[in-house]
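All values below were derived from every heavy atom in this structure, side-chain atoms included, with hydrogens, water molecules and symmetry-related copies excluded. One-based numbering along the sequence shown.
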Amino acid sequence: MLHTNMKVKGDCEMEPIKRHWWKECVFYQIYPRSFQDSNGDGFGDIRGIINRIDYLVELGVGAIWLGPVFKSPQDDMGYDISDYRDIYEGFGTLADWEELRDKLHEHDIKLLVDLVVNHTSDEHPWFIEARKSRDNPKHDYYIWRDGKDGKEPNNWSSFFTPSAWEYNEPTGEYYLHLFSKRQPDLNWENPEVRDEIYSMMNWWLERGADGFRMDVINLLCKTKGLPDASGPVDMNGYVFPTEHMSNVPPIHELLEEMAEKTYGDRDVFTVGECCAMPLEEGVKYTSGKKRQIDAVFSFEHIDMDAQPLGKWYYRPWKLPELKEKLAKWQTGIGDGWVGLFWSNQDQPRALSRFGTTDERYRVQCAKMLGTILHNLHGTPFIYQGEEIGMVNVPWTSVDQLRDVEILNFVNDCRNTGAPEDFMWQAIWRKARDNARVPMPWDDSKNGGFTTGEPWIMLNPDYKEINVASAMADPDSVYWYYRRLIELRKHNLIMPYGEFKLLWPEDEALFAFEKHLDGEHWLIAGNFSDKEITVTLPAEYKNCGTVISTMKTHGLGDGKLTLGAWEAEVISFEL
Ligand code: NOJ
């Protein structure tokens, strides 16, 4: 840990800030099956990533979150693991992973392993044993219940619907799966399970992993007795058990134990994917007396566009809500820390969700979103393709989709007679495959991703939106992202500055100040296609542009003018 005497100035003087490498660098998320294929099988692999290391180095990122590459039947694209200590043949070998680690480390880029321990694959040897009989030594590694009145033990729906329970013939019981039926939930109450997982985590740390992105880590504990969930009933008649699976005690003690037995004394980074997490819980995860996890991904700004029945039911939103959700975490996280993101492998493309896909504004809007992301308080995670301004895919047929979640949703819609239009709107807006199509490296066949048949189609716009054309254009999103990443290396105000939201009710302007050690910045982004002019607060002196998405900067006469979807960062004195 690095220490600094920097203090945040402003209304409240804060303790000296604890500096860490993972607060100061920008992370890049690689979705391995779609980044780069090296052997023509149409499927991205570790060798492909190794071949693209120069790209990552030039972009300037300091760390990689690599999606799961372990042995897996790939029912949920690798989030269903059948051997935690080996690599799926499609991705390569353990030796490839080690080579990737070494090559990244040569360039001072860290490598995070995706830790998926809420569940395993049904092909994991533990589950193969566990399901054989009630007295099998591995039986208690998973969560089992007898049926009730010939039906599932409770009314829980799974993330991938319909029920969270699956009947197991040999034992005459049901097992719990919060995700697909091929992803049985582990029983974290069993000390043997905990020891197995801790030993596996140490195995990766000893192999040089620089930490973990922790899949649904706040779901490990479930309410004792597994009572029925209350809440809206879905189209299949089940209820999503948010209150019985998210942040359920003793989750904090469990994570303290995990840290103590594995990464607790190491200079590595852990970031937890935490769905349905109120701010108070995020604070506890990241700043309790004992180390639990270092940072959390909050989903409040993501869930904003969903109705209580879930992500497929779109809820329109306005900018003040987005600002309010982000600002709450910015100011409330205290000594804890957050991972910042607009998108990931489960979410629509940032431009399609938060910005515009109108080709007249796509480039500046992507730069504007990047400007906000890199200047918020926390650690930015760029999802592959964001740096070239990728957008959602105009799917035309269900055969083009591959993800278990969306395919189950399509089945549910068709089985329950839901309107086709509702189904298609949901696919275009929210299907996870929108962010999973291959990285388009150039405008050649299959975008230079593979010489074979890609496992999923490319976005048909790849001839225009691809890395080579972005690199050839000095005004591209790519070059602007490089500037943002570089800027973050030299300006501690970006990660550490104290955040203050301005004009919270404005429906087009997202503006906030950052303050650190006598330095002051204003970050302003226009979330509309109309020009905005802001009169700067009268106390701002000696204003200067730090970075701008505009060719002609908008600063002058105590005013800042932002064109459609543009952003500018200015420094000022008080
Ligand atoms: C969250 C992951 O990000 C998602 O891709 C996966 O399907 C579920 N967890 C289950 O592991």
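Distance alone, capped at 3.5 Å, is enough to place a donor-acceptor pair between the Arg353 side chain and the Ile302 backbone. Within the 3.5 Å criterion, the main-chain N or O of Asp335 finds no donor-acceptor partner in the side chain of Ser287. Between the Lys323 side chain and the Leu509 main chain, a donor and an acceptor come within less than 3.5 Å of each other. A donor-acceptor pair under 3.5 Å is absent between the side-chain atoms of Asn491 and the main chain of Ile493, judged by distance alone. Distance alone, capped at 3.5 Å, places no donor-acceptor pair between the Lys110 side chain and the Ala209 backbone. Side chain of Thr371 to backbone of Lys367: a donor-acceptor contact under 3.5 angstrom is found. Listed for the Asp473 side chain is no donor-acceptor partner under 3.5 Å among the backbone atoms of Ser469. Judged by distance alone, the side chain of Trp329 and the main-chain N or O of Ser298 form no donor-acceptor pair under 3.5 Å. The main-chain N or O of Asn202 is never found under 3.5 Å from a side-chain atom of Thr262 such that the two would form a donor-acceptor pair. Within the 3.5 Å criterion, the main-chain N or O of Asp294 finds a donor-acceptor partner in the side chain of Thr270.
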Lys261 vs Glu256, salt bridge (charged side-chain N to carboxylate O under 4.0 Å, His left out): CA-CA, chis, key distance, verdict: CA-CA 9 Å; Lys261 303 230 164 151; Glu256 282 173 5; over 6 Å; no
Verdict with reasoning, Phe341 to Phe297, per ring pair (Phe, Tyr, Trp, His ring centres under 6.0 Å): CA-CA 8 Å; Phe341 68 106; Phe297 289 125; 5.3 Å; yes
Step-by-step salt bridge (charged side-chain N to carboxylate O under 4.0 Å, His left out) determination, Arg291 to Asp265: CA-CA 9 Å; Arg291 187 171 183 188; Asp265 290 329; over 6 Å; no
Derivation and outcome, side-chain contact (heavy atoms from CB on, under 4.5 Å), residues Phe159 and Met245: CA-CA 12 Å; Phe159 276 90; Met245 61 170 196; 3.8 Å; yes
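A salt bridge links Arg207 with Glu98; the closest basic N to acidic carboxylate O contact falls under 4.0 Å. A salt bridge links Lys489 to Glu486: at least one charged side-chain nitrogen sits closer than 4.0 Å to a carboxylate oxygen. Salt-bridge formation is not detected for the pair Arg101/Asp210: no Lys NZ or Arg NE/NH1/NH2 atom is positioned less than 4.0 Å from an Asp or Glu carboxylate oxygen. Between Lys290 and Glu253 there is no salt bridge, since none of the side-chain N atoms of the basic residue sits less than 4.0 Å from a carboxylate O of the acidic one. Salt bridge status for Lys430 with Asp305: present, with a side-chain N to carboxylate O gap under 4.0 Å. Glu281 has a carboxylate O that lies under 4.0 Å from a charged side-chain N of Lys284, or vice versa, which qualifies the two as a salt bridge. Taking 4.0 Å as the cut-off between side-chain N and carboxylate O, Lys103 and Glu106 do not count as a salt-bridged pair. A salt bridge links Asp358 with Arg360: the closest approach of a Lys/Arg side-chain nitrogen to an acidic carboxylate oxygen falls below 4.0 angstrom. Comment: Asp346 engages Arg436 in a salt bridge, judged by a side-chain N to carboxylate O separation of less than 4.0 angstrom.
Of the N and O atoms on the side chains of Tyr540 and Glu573, not one donor lies less than 3.5 Å from an acceptor on the other residue. Using modelled atom types and a 3.5 Å distance limit, the side chains of Arg85 and Ser199 yield a donor-acceptor pair. Remark: the Tyr383 side chain and the Gln347 side chain contain no N/O donor-acceptor pair separated by less than 3.5 Å. For the residue pair Glu566 and Thr549, a side-chain donor N or O sits within less than 3.5 Å of a side-chain acceptor on the partner. Under the 3.5 Å distance criterion, with hydrogens and angles disregarded, a donor-acceptor pair is assigned to the side chains of Thr561 and Thr533. Defined by atom type and a distance below 3.5 Å, a donor-acceptor pair is present between the side-chain atoms of Glu387 and Tyr55. Side-chain atoms of Gln345 and Tyr79 form a donor-acceptor pair, as typed in the model, at a separation below 3.5 Å. Under the 3.5 Å distance criterion, with hydrogens and angles disregarded, a donor-acceptor pair is assigned to the side chains of Glu568 and Thr545. For the residue pair Gln307/Arg315, the side-chain donor-acceptor check at 3.5 Å is not satisfied.
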List, one per line, each side-chain donor-acceptor pair under 3.5 Å for residues 212-220, sequence neighbours excluded.
residue : atom : partner : partner atom : Å
Arg213  : NH1  : Asp114  : OD1          : 2.8
Arg213  : NH1  : Asp215  : OD1          : 2.8
Arg213  : NH2  : Glu273  : OE1          : 3.2
Arg213  : NH2  : Glu273  : OE2          : 3.3
Asn218  : OD1  : Cys275  : N            : 3.3
Asn218  : ND2  : Asn247  : OD1          : 3.1
Asn218  : ND2  : Cys275  : O            : 2.6

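Taking CD1 of Ile382 as the start and CD1 of Ile30 as the end, the distance is 11.5 Å to the nearest 0.5 Å. To the nearest 0.5 Å, the span separating CD on Glu507 from OG on Ser528 amounts to 10.5 Å. For the atom pair Phe269 CZ and Thr379 OG1, the distance stands at 5.0 Å (nearest 0.5 Å). The distance from atom OH of Tyr285 to atom SG of Cys274, rounded to the nearest 0.5 Å, is 5.5 Å. Taken to the nearest 0.5 Å, the CD1 atom of Ile388 stands 5.5 Å off from the CE atom of Met390. Within the model, atoms CD1 of Ile49 and CH2 of Trp97 stand 12.0 Å from one another, a figure rounded to the nearest 0.5 Å.
Ring centers of Trp342 and Phe354: under 6.0 Å apart, within the cut-off. Between His20 and Trp337, the gap from one ring centroid to the other reaches at least 6.0 Å. Residues Phe510 and Phe512 bring their aromatic ring centres within 6.0 Å. You'll find the ring centres of Trp441 and Phe35 inside the 6.0 Å limit. Between Phe70 and Trp204, the ring centre distance stays below 6.0 Å.
When all heavy atoms of Tyr478 and Ala470 are compared, the closest pair comes out as CB-CB, 3.8 Å. Heavy-atom minimum distance, Gly563 versus Asn526: O-ND2, 2.9 Å.
Counting heavy atoms from C-beta on, the side chains of Leu112 and Leu66 never come closer than 4.5 Å. Residues Leu562 and Glu531 fail the side-chain proximity criterion, which asks for heavy atoms closer than 4.5 Å. The shortest distance between side-chain heavy atoms of Asn392 and Leu351 does not fall below 4.5 Å. Side-chain atoms of Thr331 and His377, non-hydrogen and from C-beta on, never get closer than 4.5 Å to each other. Side-chain contact between Leu115 and Met201: present, with at least one pair of heavy atoms (C-beta onward) separated by less than 4.5 Å. Looking at Leu536 and Leu522, their side chains come closer than 4.5 Å, going by heavy atoms from C-beta outward. Using a 4.5 Å heavy-atom cutoff, the side chains of Lys222 and His244 are not in contact.
For the side chain to side chain donor-acceptor pair (under 3.5 Å) with Tyr496, the lone residue among Lys18, His515, Glu24 that qualifies is Glu24.
Residue Asp108 qualifies as open at atom CG: its count of foreign heavy atoms under 6.0 Å is 12 or below.
Between Trp188 and Tyr198, the ring-plane angle classifies as tilted under the 30° and 60° cut-offs.
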